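First the structure, in the form of structure tokens, and then the observations on it.
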Amino acid sequence: MAVYELKDRLVVGIASSALFDLAEADAIFREQGEDAYRAYQEAHLDDTLEKGVAFPFIRRLLSLNDLSSDDPLVEAIILSRNDPDTGLRVMRSIQAYGLPISRAIFMQGRSPYHFMPALNMSLFLSANEDDVREAVALGLPAGRVLGPGVADEGDDQDLRIAFDFDGVLADDASEQVYQSGGIEDFRFHETTNAATPHDPGPLRDFLAGVNRLQRREEEQRAADADYKMRVHVSLVTARDAPAHERPVRSLKNWGVTVNDAFFLGGIDKSTIMEVLKPHIFFDDQVGHLTGTARSTPSVHIPFGKINEPDRSAPEPEPEQGQE
């Protein structure tokens with residue numbers, strides 16, 4: 001068999017906890033233990049799992065492989081804490097939904113994110129907070145899905161992706177200025193450094209991969225005037241003028257683009273999301289996502305100083321469960 005190369009593809013790692021709703025099975029694991037969980041999964045092997053938070057995003061992302069007749073542009077790979085036996089239900093559910101996902105890594109009770117660099121992944125999505133935080137601490141682009149699954153409208157073929165800027169596409173250096181000095185220090189800092197590009201954040205490379213898909217769409221439209229562009233990318237940030245200029249310049253310097261930009265100056269992002277209706281929204285602050293997650297598939301990127309644990313606060317209970 002010829003070697004299957006990943007280096008020129010957009011590769012996303014997806015935990016079964018992000019792709020499917022595993023609440024019922026996870027409750028069995030937490031309340032009754034691993035043996036009961038195994039028995040439950042075996043008994044429900046042919047019961048297709050319900051769609052999870054990231055399902056609409058992954059389905060649409062993979063559908064873009066129709067832009068290439070022979071070589072897939074996008075690859076989604078399952079990264080799971082299940083062992084191969086208990087992971088069978090996940091793979092059967094993938095088959096039942098007709099998702100073109102054939103590759104998976106199952107690691108019994110262990111974190112699979114260490115394989116991200118080997119698989120050229122520019123994003124890993126999971127519901128397991130510990131796995132995501134550990135991955136981000138190692139400099140890997142990971143996010144935790146939040147909120148209930150959202151209806152996957154079959155007649156809507158578009159893929160709408162929304163990003164926050166600081167701590168997501170860019171690093172958090174400017175966010176630290178805001179946290180330490182307030183809004184006026186932040187605005188002065190950003191206007192003074194408007195011509196200086198930010199250092200990239202954890203999802204800059206993922207955006208670059210999405211832009212490659214958009215360029216392929218543009219080629220398709222040039223060949224077929226009836227082709228309708230499907231991928232739309234938005235920047236949705238709490239910044240406002242005059243702090244808007246530096247992000248725009250930074251994106252250009254990095255060689256990446258967005259279709260739309262929302263500089264909200266503190267307006268509740270959830271009000272925008274209800275109209276924009278992205279299939280996934282990435283933000284580094286849980287406070288912003290509390291509102292958006294009610295109607296929008298939302299992902300927390302626990303990057304930067306603002307996401308460092310509060311040592312004065314009590315330690316949270318460790319997250320359990322399989323994925």
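Note that this is a predicted model, so its numbers are computed, not measured. The residues of the chain are indexed from 1 along the displayed sequence. Below, all heavy atoms of this structure are taken into account, side chains as well, without hydrogens, waters or symmetry copies.
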Verify the neighbour count for atom CD of Glu42: are there more than 12 heavy atoms of other residues, nucleotides or ligands below 6.0 Å? no
Report yes or no: do Leu264 and Phe165 belong to one cluster of Ile/Leu/Val/Met/Phe/Trp/Tyr joined by side chain heavy-atom distances under 4.5 Å? no
Taking Arg212 first and then Asp8, would you say they form a salt bridge - that is, a charged N and a carboxylate O separated by under 4.0 Å? no
Do Arg239 and His244 come close enough that some side-chain heavy atom pair is under 4.5 Å? no
Nearest atoms (heavy-atom pairs only) where Ser250 meets Pro197: OG-CA, 3.5 Å
Taken to the nearest 0.5 Å, the spacing of Asp205 CG from Trp254 CH2 works out to 10.0 Å
Under-4.0 Å salt bridge between Arg215 and Glu219: no
When rounded to the nearest 0.5 angstrom, what is the spacing between CZ in Arg204 and CG in Asp171? 11.0 Å
Kindly determine whether Asp166 and His198 satisfy side chain to side chain donor-acceptor pair (under 3.5 Å), including the steps that lead there. CA-CA 9 Å; Asp166 296 281; His198 283 272; 4.6 Å; no
Show every ring-ring contact (aromatic ring centres under 6.0 Å, His included) that has at least one partner inside residues 44-69, sequence neighbours left out. Tyr40-His44, Phe55-Tyr97
Test Arg230 against every option in Leu159, Asp156, Asp66, Leu213 by the side-chain contact (heavy atoms from CB on, under 4.5 Å) rule and name the one that passes. Asp66
Would the number of heavy atoms belonging to other residues, nucleotides or ligands and lying under 6.0 Å from CD of Glu218 be above 12? yes
Is any NZ, NE, NH1 or NH2 atom of the basic residue among Asp158 and Arg60 found under 4.0 Å from an Asp or Glu carboxylate oxygen of the other? no
Least distance between heavy atoms, Met91 atom then Ile78 atom: SD-CG1, 4.4 Å
Please assess Glu190 against Ser174 for the test side chain to side chain donor-acceptor pair (under 3.5 Å), listing each intermediate value before the final yes or no. CA-CA 8 Å; Glu190 292 305 283; Ser174 294; 2.6 Å; yes
So which atom in Leu169 and which in Leu203 form the shortest heavy-atom distance, rounded to 0.1 Å? CD2-O, 3.7 Å
Mind checking what makes ring-ring contact (aromatic ring centres under 6.0 Å, His included) contact with His232, not counting sequence neighbours? none
Taking Asp240 first and then Arg187, would you say they form a salt bridge - that is, a charged N and a carboxylate O separated by under 4.0 Å? yes
I'd like to know if Ile28 and Leu88 are part of one continuous hydrophobic network [Ile/Leu/Val/Met/Phe/Trp/Tyr, side-chain heavy atoms within less than 4.5 Å]. no
Taking every heavy atom of Ser122 against every heavy atom of Leu10, the minimum-distance pair comes out as OG-CD1, 3.2 Å
Considering residues, nucleotides and ligands other than Tyr178, do more than 12 of their heavy atoms fall under 6.0 Å from its OH? no
Exercise: identify the closest heavy-atom pair between Phe303 and Val136: CA-CG1, 3.9 Å
Heavy atoms of other groups near Phe188 CZ, more than 12 under 6.0 Å: no
ILVMFWY cluster, Ile14 and Leu61 together (side-chain gap under 4.5 Å): yes
Taking the six-membered ring of Tyr4, is NZ or CZ of Arg103 closer than 6.0 Å to its centre and within 45° of its axis? yes
Residue pair Ser111 / Arg81, side-chain donor-acceptor N/O under 3.5 Å: yes
Nearest atoms (heavy-atom pairs only) where Val145 meets Ser17: CG2-O, 4.4 Å
